[in-house]
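Heavy atoms only: backbone and side chains are in, while hydrogens, waters and symmetry mates are out. All chains are named by letter (A, B, ...) in the order of the sequence lines, taking the proteins before the strands, and each is independently numbered beginning at 1.
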There are 2 protein chains.
Amino acid sequence: MQKLITAMDVAKHAGVSQSSVSRVYFEGATVSAKTREKVLAAAKELGYRPNELARSLITNRTKIIGIVMKGIQNPFYPQVLKQFTTTFKSLGYSIMFVYTNNDEIQKEDIDILFNYNVAGVIITDASLSLNAIEDFKRYKIPLVLFNRKIASNDFYSVCCNNLEASKEIAQFLVDKGSSDIIYIAGNQNTSTSKEREQGFTEALTKNNIALKRIGSDYTYEGGYKIAQQVINENGIPDSFFVANDIMALGVLDALRESSIAIPEATKVIGFDNIEMASWPTYSLTTWAQPINEMVNQTVSYLMSEIEEYTGFADNIEVNGILIERKTT
Amino acid sequence: MQKLITAMDVAKHAGVSQSSVSRVYFEGATVSAKTREKVLAAAKELGYRPNELARSLITNRTKIIGIVMKGIQNPFYPQVLKQFTTTFKSLGYSIMFVYTNNDEIQKEDIDILFNYNVAGVIITDASLSLNAIEDFKRYKIPLVLFNRKIASNDFYSVCCNNLEASKEIAQFLVDKGSSDIIYIAGNQNTSTSKEREQGFTEALTKNNIALKRIGSDYTYEGGYKIAQQVINENGIPDSFFVANDIMALGVLDALRESSIAIPEATKVIGFDNIEMASWPTYSLTTWAQPINEMVNQTVSYLMSEIEEYTGFADNIEVNGILIERKTT
DNA sequence: CTGAAAGCGCTTACAG
DNA sequence: CTGAAAGCGCTTACAG
């Protein structure tokens with residue numbers, strides 16, 4: 001390994017003390033313009049850069065945010081990741097990325113983040129095992145559940161207002177004249193799918209319509225298969241409310257393969273407003289999740305908890321908006 | 001901030017020295033079974049975990065790999081990210097994720113990775129500014145350019161064999177009877193687009209066919225617009241070779257909107273084999289990039305350079321395979 | 001096999 | 001404003 005240029009090397013070269021070098025790179029420290037100049041010149045010449053690891057060790061705080069993601073196959077999440085990365089970068093924070101297959105985050109998934117002493121963690125589209133919950137509490141690491149909440153209410157979560165959204169969606173379909181409606185759910189036990197189902201059911205009940213529910217898994221293939229099944233077995237309803245866009249695209253494709261006219265014979269509405277929903281082939285009516293605002297809420301909570309840990313928990317719900325396109 | 005449990009705390013609790021605690025957690029160190037037991041028991045009780053930052057500082061090496069990604073909107077790359085994360089995790093490495101908008105990676109994009117003293121870096125779908133090149137050389141950080149190469153040949157790159165692939169694609173189209181063929185290029189200056197164009201041109205020339213080339217930008221919208229333009233201005237060719245799948249989907253959608261029968265009136269072939277290419281709506285013929293093998297080549301190079309830095313550079317080309325679907 | 005001690009590259013009271 | 005010194009939590013020769 002290459003010998004690192006350290007603050008000591010720069011100090012010698014500049015004829016100042018190592019502390020002075022440190023002060024030049026530490027925001028808020030006071031150094032005279034003259035010293036700063038000498039240090040920066042020496043640093044440039046030697047190719048010095050402050051070692052972030054040493055910094056983190058001595059200050060006992062890192063500028064790393066852990067992001068744990070499951071559904072990276074769903075185009076919604078790369079967008080989210082992009083937003084987070086960009087926003088945190090502007091605040092001087094880096095992203096440690098963890099991919100997991102677990103619906104319920106396990107201790108093993110996050111161990112490494114704790115070992116690196118991350119400043120905060122964001123978990124998207126997954127819940128937490130008891131083990132993991134304990135660790136977050138024990139080590140007082142700020143956590144935000146993004147687009148998912150957990151039953152215990154022990155952590156801060158940021159979601160779209162799913163209940164309100166699905167009520168509006170239901171009313172929208174009813175107003176369009178639908179009375180025979182199928183809800184295609186996402187993975188069981190996910191708060192998003194449950195809430196969307198709940199709001200939807202409530203609004204339908206108000207209109208004296210019984211909900212038909214079919215379970216699926218938040219994937220394109222899941223939506224595709226379920227729609228085929230509906231076509232073959234149940235007959236086509238007036239409309240489908242599909243718990244996320246990527247499934248809705250599967251539903252659309254299956255309906256088309258059976259030459260079912262949309263929106264004439266049946267209507268389809270999704271959730272998320274992923275990029276593909278706006279493609280002319282799909283032109284999917286959907287609910288836009290306000291990613292920007294959700295990201296901002298998450299970031300500002302984390303920043304304040306990093307500043308001073310309180311463990312404060314809340315479920316934040318951000319309003320979205322219906323995007324009407326050609327499938328309704 | 002919470003007081004950390006350190007090796008010293010564990011040592012006192014277990015009645016051994018701090019060195020012994022360290023040895024229990026350091027692979028390859030020798031400790032008696034008895035000591036190990038005492039230490040682990042104490043550690044468990046106290047909730048000790050070795051501080052990765054202190055470790056990295058003293059050993060002067062981290063277990064962090066930086067991944068710099070530009071095209072996260074293209075579904076090809078989330079897949080790549082997933083593979084890298086999974087593979088590196090099994091090797092004990094974590095991922096620091098950097099998103100950038102720059103076609104040419106700038107010093108600012110990677111500064112933070114150097115400050116964290118990452119063990120290695122992967123840059124996908126982007127090239128390097130001179131500044132950045134210098135830094136990688138100067139600090140001797142192993143680097144792999146993934147799915148992109150740069151002119152200077154100074155770094156290891158891992159790509160699909162674009163030249164061979166595009167030759168085969170050309171021959172495939174010619175064999176299908178095409179003689180009027182348009183190539184829709186990706187971003188200018190990207191090695192992938194240039195190589196695909198070159199191989200394609202060579203094979204067409206052999207068949208006495210002149211290439212028609214239109215530049216675009218590797219996005220869905222880009223493909224869509226170009227195809228509309230072709231429809232309105234140039235007339236439909238026998239077939240399109242589109243430099244990546246996401247653009248090809250845009251092309252398909254535009255053709256369909258104009259009710260152009262595929263593959264009867266014109267054929268379309270893409271590159272990447274992203275998941276959506278297999279969706280029944282698209283069923284796009286394409287070239288499958290062997291992601292797994294590309295990832296493995298990247299990882300094994302990085303691992304050996306981390307073991308012992310040589311700065312060895314090479315351009316690795318991995319063979320892919322034509323996936324024939326319904327658009328040809 | 002184990003412990004005492006040096007040292008990784010920083011920040012930060014403490015004097016001056 | 002600046003320097004000398006302690007200390008963050010580890011690894012690793014060095015003795016024993």
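Atom-to-atom, CZ of Arg36(A) to C1' of dT2(D) comes out at 14 Å; the value is rounded to the nearest Å. What separates NZ of Lys38(A) from P of dG3(D) is a distance of 8 Å, to the nearest Å. Rounded to a whole Å, the CG atom of Asn60(B) is 16 Å from the C1' atom of dG9(D). Between the NZ atom of Lys12(A) and the P atom of dT2(D) there is a distance of 20 Å, given to the nearest Å.
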* Asked: Does the pair Lys137(A) and Glu134(A) meet the rule for a salt bridge (Lys or Arg N to Asp or Glu O under 4.0 Å), with working shown?
  -> CA-CA 5 Å; Lys137(A) 289 295 175 197; Glu134(A) 269 170 29; over 6 Å; no
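Nearest heavy atoms, Leu57(B) versus Ala54(A): CD1-CB, 3.7 Å.
Closest contact between the side chain of Ser32(B) and the listed nucleotides dT2(C), dT2(D), dC8(C) involves dT2(C).
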* Asked: How would DNA chain C look in dot-bracket form, 5' to 3', counting Watson-Crick and G-U wobble pairs with both distances under 3.5 Å and writing | for bases paired to another strand?
  -> |||.||||||||.|||
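Around CD of Gln106(A), the count of heavy atoms belonging to other residues, nucleotides or ligands within 6.0 Å exceeds 12.
Remark: Asn296(B) engages no residue in a side-chain hydrogen bond (donor to acceptor under 3.5 Å, both in side chains) (not counting sequence neighbours).
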Can you list, pair by pair, the side-chain donor-acceptor contacts under 3.5 Å of residues 77-94 of chain A, counting residues two or more places apart and other chains?
| from | atom 1 | to | atom 2 | distance (Å) |
| --- | --- | --- | --- | --- |
| Tyr77(A) | OH | Asn147(A) | ND2 | 2.9 |
| Lys82(A) | NZ | Tyr99(B) | OH | 3.4 |
| Gln83(A) | NE2 | Asn292(A) | OD1 | 3.2 |
| Thr85(A) | OG1 | Leu81(A) | O | 2.5 |
| Thr86(A) | OG1 | Lys82(A) | O | 2.7 |
| Thr87(A) | OG1 | Gln83(A) | O | 2.7 |
| Ser90(A) | OG | Thr87(A) | O | 2.6 |

Name the atoms and distances for all side-chain donor-acceptor pairs under 3.5 Å in residues 26-48 of chain A, with sequence neighbours left out.
| from | atom 1 | to | atom 2 | distance (Å) |
| --- | --- | --- | --- | --- |
| Ser32(A) | OG | Thr35(A) | N | 3.2 |
| Ser32(A) | OG | Thr35(A) | OG1 | 2.8 |

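Of the side-chain N and O atoms in Ser17(B), one or more sit less than 4.0 angstrom from OP1 or OP2 of dG3(C). Side-chain nitrogen and oxygen atoms of Thr30(B) include at least one within less than 4.0 Å of the OP1 or OP2 phosphate oxygen of dC1(C).
Partner of Val121(B) under the side-chain contact (heavy atoms from CB on, under 4.5 Å) criterion, out of Phe136(B), Phe114(B), Phe155(B): Phe136(B) alone.
Among residue pairs with one or both ends in residues 150-159 of chain B, those qualifying as side-chain hydrogen bond (donor to acceptor under 3.5 Å, both in side chains) are Asn153(B)-Asn315(B), Ser157(B)-Asn315(B); sequence neighbours excluded.
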* Annotated protein contacts, base or backbone, on nucleotides 10-16 of chain D with a non-hydrogen cut-off under 4.0 Å, one of B, S, - each -> BBBB---
